[in-house]
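These notes are about the structure you will find just below.
When a residue number appears, it is its place in the shown sequence, counting from 1.
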Amino acid sequence: HVTKKYGEKQALSDFTVVLQPGIYGLLGPNGAGKSTLMNLLTDNIRRTSGEILYNGEEILKSGAKFRSKIGYMPQQQGMYEQFSGERFLYYIAALKGMKKRDAAQQIEKYLELVGLKKDSKRRVGGYSGGMRQRLMFVAALLGDPEILILDEPTAGLDPEERIKIRNYVSELSGERIVILATHVVSDIECIASKILLLYQGKLLAEN
């Protein structure tokens with residue numbers, strides 16, 4: 001029963017869902033409430049009413065312990081252009097409190113997986129849009145999160161890069177809860193185990 005208001009505007013209205021491990025496509029037009037929902041799940045903003053529980057515990061009570069279980073890939077690519085791809089990932093790993101040895105192992109593994117190993121020493125400022133998206137995807141995976149939240153991960157990509165990102169999401173979902181927000185049906189139709197259809201802040205359908 002989560003509701004979020006911004007003044008008089010109701011961005012999310014009496015939203016209720018139970019999530020299990022699997023890939024959830026969060027589908028809806030711009031302004032449907034997708035970003036508000038993701039910001040609530042990542043504890044970036046406070047809800048107006050309702051509760052969000054993870055394994056039966058309110059996330060506001062869990063605080064940092066809950067946030068450490070989340071990997072988040074925002075739509076906006078906020079990066080340090082002077083950093084190499086590898087250095088950027090080490091910086092994210094440090095923010096997540098990872099041990100350097102664990103970070104090194106995961107960074108090497110995921111860079112290889114998404115085809116960025118050979119470009120890892122290059123400056124991020126010289127990366128294409130698709131390379132940046134793949135790097136942000138790896139950043140979200142660091143720390144082996146139990147919940148992966150991806151906000152429009154294929155935005156602005158060519159068809160080949162879209163397919164690559166889709167395949168990586170499918171391959172790495174495993175036992176995680178993956179929420180992939182998009183307004184492009186083809187991004188999720190092949191990989192999502194469930195679709196959540198949002199419109200004007202309301203959950204219209206779950207199938």
Side-chain angles (χ1 to χ4, degrees), residues 1-6 9-28 32-76 78 89 91-103 105-106 110 136-153 168-182 188 191-207:
H1 301 293
V2 172
T3 293
K4 175 63 182 176
K5 291 182 180 179
Y6 297 101
K9 178 178 166 53
Q10 194 142 304
L12 209 62
S13 178
D14 195 34
F15 181 92
T16 296
V17 72
V18 177
L19 304 175
Q20 307 286 349
I23 300 175
Y24 291 82
L26 184 60
L27 197 61
K34 300 191 302 293
S35 293
T36 296
L37 177 60
M38 286 183 289
N39 275 311
L40 289 169
L41 292 175
T42 53
D43 197 19
N44 280 328
I45 59 173
R46 292 296 168 98
R47 70 206 81 135
T48 305
S49 62
E51 58 183 7
I52 302 173
L53 308 176
Y54 185 63
N55 290 337
E57 187 173 12
E58 169 60 61
I59 68 167
L60 297 181
K61 185 179 175 186
S62 305
K65 187 176 83 171
F66 169 73
R67 289 192 296 274
S68 70
K69 299 179 188 298
I70 290 179
Y72 178 48
M73 179 182 174
Q75 188 178 351
Q76 301 300 322
L89 292 175
Y91 171 67
I92 296 297
L95 289 179
K96 292 186 175 188
M98 293 179 67
K99 291 178 181 175
K100 194 162 185 180
R101 186 179 62 182
D102 294 339
Q105 288 174 346
Q106 289 191 22
Y110 290 137
M136 291 296 285
F137 182 56
V138 171
L141 284 166
L142 292 177
D144 201 21
E146 295 174 15
I147 305 165
L148 196 56
I149 299 175
L150 312 173
D151 188 1
E152 300 279 0
Y168 299 141
V169 173
S170 180
E171 192 174 336
L172 292 166
S173 57
E175 289 302 302
R176 310 175 211 267
I177 293 171
V178 180
I179 300 168
L180 195 161
T182 184
I188 54 173
I191 63 170
S193 45
K194 268 202 172 182
I195 307 292
L196 305 176
L197 185 60
L198 263 181
Y199 183 68
Q200 293 184 346
K202 295 182 178 177
L203 181 63
L204 290 190
E206 178 188 350
N207 50 45

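Taking the charged nitrogens against the carboxylate oxygens, Asp151 and Lys34 have no contact shorter than 4.0 Å, which rules out a salt bridge. Ionic pairing of Glu58 and Arg47 is present here: one or more N-O contacts between side-chain nitrogen and carboxylate oxygen are shorter than 4.0 angstrom.
Side chain of Asn39 to main chain of Ser35: a donor-acceptor pair is present (N/O by atom type, distance under 3.5 Å, no hydrogens or angles). At least one donor-acceptor pair under 3.5 Å links the side chain of Lys96 to the backbone N or O of Ala139. No donor-acceptor pair under 3.5 Å is formed between the side chain of Lys202 and the backbone N or O of Phe15. With hydrogens and angles ignored, the 3.5 Å screen pairs a side-chain donor or acceptor of Thr3 with a backbone N or O of Asp14.
Rounding to the nearest 0.5 Å places CG of Leu180 at 11.0 Å from CG of Leu196. Once rounded to the nearest 0.5 Å, the distance linking CG of Leu142 with CE of Met98 reads 5.5 Å. In this structure, Met38 CE and Glu152 CD are separated by 7.5 Å, a value rounded to the nearest 0.5 Å. Interatomic distance, Lys194 NZ to Asn207 CG, rounded to the nearest 0.5 Å: 8.5 Å. One distance of note links OG of Ser62 with CG of Asn55; it measures 9.0 Å at 0.5 Å rounding.
Taking the side chain as every heavy atom from C-beta outward, Leu198 and Leu204 never approach each other to under 4.5 Å. With a 4.5 Å cut-off on side-chain heavy atoms, Ile179 and Leu150 do not count as touching. Side-chain contact between Glu146 and Pro21: absent, with no pair of heavy atoms (C-beta onward) separated by less than 4.5 Å. Contact of the Glu206 side chain with the Ile195 side chain is not registered, since no non-hydrogen atoms from C-beta on lie closer than 4.5 Å. Considering only heavy atoms from C-beta on, Tyr72 stays 4.5 Å or farther from Ile147 through its side chain. Within the 4.5 Å cutoff, the side chain of Leu26 has no heavy atoms near those of the Thr182 side chain. Side-chain contact check for Leu203 versus Leu197: every heavy-atom pair is 4.5 Å or farther apart. Tyr24 is listed as a side-chain neighbour of Leu19, based on a closest heavy-atom distance under 4.5 Å.
Between Gln10 and Ser13 the shortest heavy-atom distance is NE2-OG, 3.0 Å. Here the closest heavy-atom approach between residue Ile191 and residue Ile23 is recorded as O-CD1, 3.5 Å. Closest of all the heavy-atom pairs between Arg176 and Leu172 is NE-O, 2.9 Å. In terms of heavy-atom proximity, Leu41 sits nearest to Ile149 at CB-CD1, 3.9 Å. Contact detail for Lys69 and Pro145: the closest heavy-atom pair is O-CB, 3.3 Å. A pairwise comparison of heavy atoms in Val18 and Gln20 identifies CG1-NE2, 3.9 Å as the closest pair.
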Before you tell me yes or no, could you show the steps for Val178 and Val169 under side chain to side chain contact (heavy atoms under 4.5 Å, CB included), namely the whole-Å CA-CA distance, both residues' side-chain angles and the distance that decides it to 0.1 Å? CA-CA 8 Å; Val178 180; Val169 173; 4.0 Å; yes
Step by step, work out the side chain to side chain contact (heavy atoms under 4.5 Å, CB included) result for Leu53 and Ile59. CA-CA 6 Å; Leu53 308 176; Ile59 68 167; over 6 Å; no
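For residues 49-71, every residue pair satisfying the ring-ring contact (aromatic ring centres under 6.0 Å, His included) rule, not counting sequence neighbours, is listed here: Tyr54-Phe66.
No more than 12 heavy atoms of other residues, nucleotides or ligands lie within 6.0 Å of OH in Tyr199, so this atom counts as exposed by the packing criterion.
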